[in-house]
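Here's the structure we're looking at; comments come further down.
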Number of protein chains: 2
Amino acid sequence: MPDSIHAIPEVVILRLPLYVRVLTQLKDEGTEVISSRELGDRLSVTPAQIRKDLSYFGRFGKQGRGYNVSYLVGELRQVLGLDRQWNTAVIGIGRLGRAIINYPGFAPEGFKVVAAFDADPAQVGRQFEDVAIQSIGEMQQTIRERNIAIAIVAVPAPQAQRVISELVSCGVKAILNYAPIAPQVPEDVRVRNIDPVLALQTMTYHLKVRQDEAGS
Amino acid sequence: MPDSIHAIPEVVILRLPLYVRVLTQLKDEGTEVISSRELGDRLSVTPAQIRKDLSYFGRFGKQGRGYNVSYLVGELRQVLGLDRQWNTAVIGIGRLGRAIINYPGFAPEGFKVVAAFDADPAQVGRQFEDVAIQSIGEMQQTIRERNIAIAIVAVPAPQAQRVISELVSCGVKAILNYAPIAPQVPEDVRVRNIDPVLALQTMTYHLKVRQDEAGS
DNA sequence: CCTTGTGAAGGGGTTCACAGCA
DNA sequence: TGCTGTGAACCCCTTCACAAGG
């Protein structure tokens, strides 16, 4: 059991879903075996990195041949916990929140929105896609009862930190945050931010350098 | 000019927009001066890291006092190239593409959607928010004429790589990709992916470990 | 006394390179 | 021959710790 000897670097965990995605695509295309080199080409990652990453979790390959695609994707899904359903709750049912509830991409991957919350009393009781909107006050109880492990935050920025703190106090350990803030959470809580503006702002630096060079 | 002596690590560029965001918020709250320690607390980053990051671009602080918030935010915006307007194009005008065009969060940050493209001839000619939808064939010309530096890809996954390759051949060097794929681009092209499913999948590993521990 | 800016030390992740095996 | 799995080397980023200065 290699994973009990050394802690697994967080970056490795961040890459595994990428591997799963490409492997799944390869499987659908009918590819049965793939080498670390070919997989690396598809992902712009070095073959050594792929082999090293996989080695944290087991020995999935065959020397001289490569990796069996369906076997590997199955193992990785198990490692990541993608072999089960994860119940989620959406908080904030504005335009974005409704789009998230209606988004058809979550369910096939095992992420099911089973609850929705909004601070606006006028929203409470309405239904979207089988999900009835509840008041924020009901959050703690519902999260417990419905075994909700992941919260998806889609409230306006000014309320986001308060909502996230409340989710943390409800025991939620994983948060997908769409609000444009830098949330503060205890270190045993994981947050991933979806923030298109931030993503754009990380690219302009290089564009600027290029522009300035062209201008001089 | 420290940035001409040593290349700036990419991770630093990724953090600067976060600094800008929090500093802007602090400025709005009326804070005039902040130390690297206080800023670090807000961002869950060590003070040393903030000081080191900033030192790549200049000496913005005052010993014994800290950093002047509005001065620092101004300098960083300039460093990142956020002191100008960036024209963008949206490709793929389905539900997601329309949401992006209508999204009110881009313009105030200097990102303006000035063009939109779709492969469906039935869509071509329609208008959303002042933007007329054009055919994919018009992309190259429009990108040049309208000085579009950033493309936002919102086409279905199967078409995404083809569209991205086409954008690259149009000379686009920055792409915000919403399609759930791992795009392949030349190394002088920057891509940021917005992928909620991937974000969720990077969190389940830790939830799983926790679950398994509880069960044993 | 407080906080910056920064060389130097430290640590963690990537890459190398090769033994092992099909 | 081809490719995996992996210890070791390497490298880059983070953190330390302190001189400098308000």
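A, B, ... follow the sequence lines: proteins, then strands. Residue 1 opens every chain.
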**Asked** For DNA chain D, what residues of residues 61-72 of chain B have any heavy atom nearer than 4.0 Å?
**Response** B/Q63, B/G64
**Prompt:** D/dT4 C1' sits how many Å from A/I34 CD1, rounded?
**Reply:** 14 Å
**Message:** Counting only side-chain heavy atoms from C-beta out, which of C/dT6, D/dT4, C/dT14 sits nearest to A/K52?
**Reply:** C/dT14
**Request:** Please test A/K112 against A/E129 for salt bridge (charged side-chain N to carboxylate O under 4.0 Å, His left out), starting from the C-alpha separation and ending with a verdict.
**Result:** CA-CA 11 Å; A/K112 194 171 179 194; A/E129 291 272 326; over 6 Å; no
**Out of D/dT14, D/dC16, D/dG5, whichever nucleotide has its closest atom nearest the side chain of A/R59** = D/dG5
**Carboxylate-amine/guanidinium contact B/R15 B/D53, below 4.0 Å** = yes
**Asked** Nearest to the side chain of B/S35, which nucleotide is it out of D/dC16, C/dT4, D/dT14?
**Response** C/dT4
**Fill in**
Between CG of A/L54 and P of D/dG5 the distance, given in whole Å, is 7 Å
**Prompt:** Under 4.0 Å between a side-chain N or O of B/T46 and OP1 or OP2 of D/dT15?
**Reply:** yes
**d(CZ, B/F57; C1', C/dT4) in whole Å** = 17 Å
**Request:** Could you tell me the separation between the CD1 atom of B/I8 and the P atom of D/dC12, rounded to a whole number of Å?
**Result:** 15 Å
**Message:** Do the side chains of A/K62 and A/E32 get close enough for a salt bridge, i.e. N-O under 4.0 angstrom?
**Reply:** no
**Asked** Which of these nucleotides, D/dC3, D/dT14, D/dC13, is closest to any side-chain atom of B/Q49?
**Response** D/dT14
**Message:** Measure CG/B/L14 against P/D/dC13 and give the value in whole Å, please.
**Reply:** 11 Å
**Asked** Among C/dC16, D/dC13, C/dT3, which nucleotide sits nearest the side chain of A/A48?
**Response** C/dC16
**Request:** Starting from C1' on C/dG7, measure out to OH on B/Y56 and report it in whole angstrom.
**Result:** 12 Å
**Prompt:** Only one of A/L72, A/L16, A/L82 clears side-chain contact (heavy atoms from CB on, under 4.5 Å) with A/R77; which?
**Reply:** A/L82
**Asked** Between B/S36 and C/dT3, does any side-chain N or O lie under 4.0 Å from OP1 or OP2?
**Response** no
**Request:** Find the distance A/D53:CG to C/dG12:C1' and express it as a whole number of Å.
**Result:** 14 Å
**Asked** Between B/Q184 (side chain) and B/Q161 (backbone), is there a donor-acceptor pair under 3.5 Å?
**Response** no
**Request:** Taking side chain to side chain donor-acceptor pair (under 3.5 Å) as the test, write out the residues that go with B/R192, two or more places apart.
**Result:** A/T202, B/E10
**Asked** Donor-acceptor pair, A/N193 side chain versus A/D195 backbone, under 3.5 Å?
**Response** no
**Asked** In terms of side-chain heavy atoms of A/R51, which of D/dT6, D/dC18, D/dC3 is nearest?
**Response** D/dT6
**Prompt:** Nearest-Å distance, CD1 (B/I50) to P (D/dT14)?
**Reply:** 12 Å
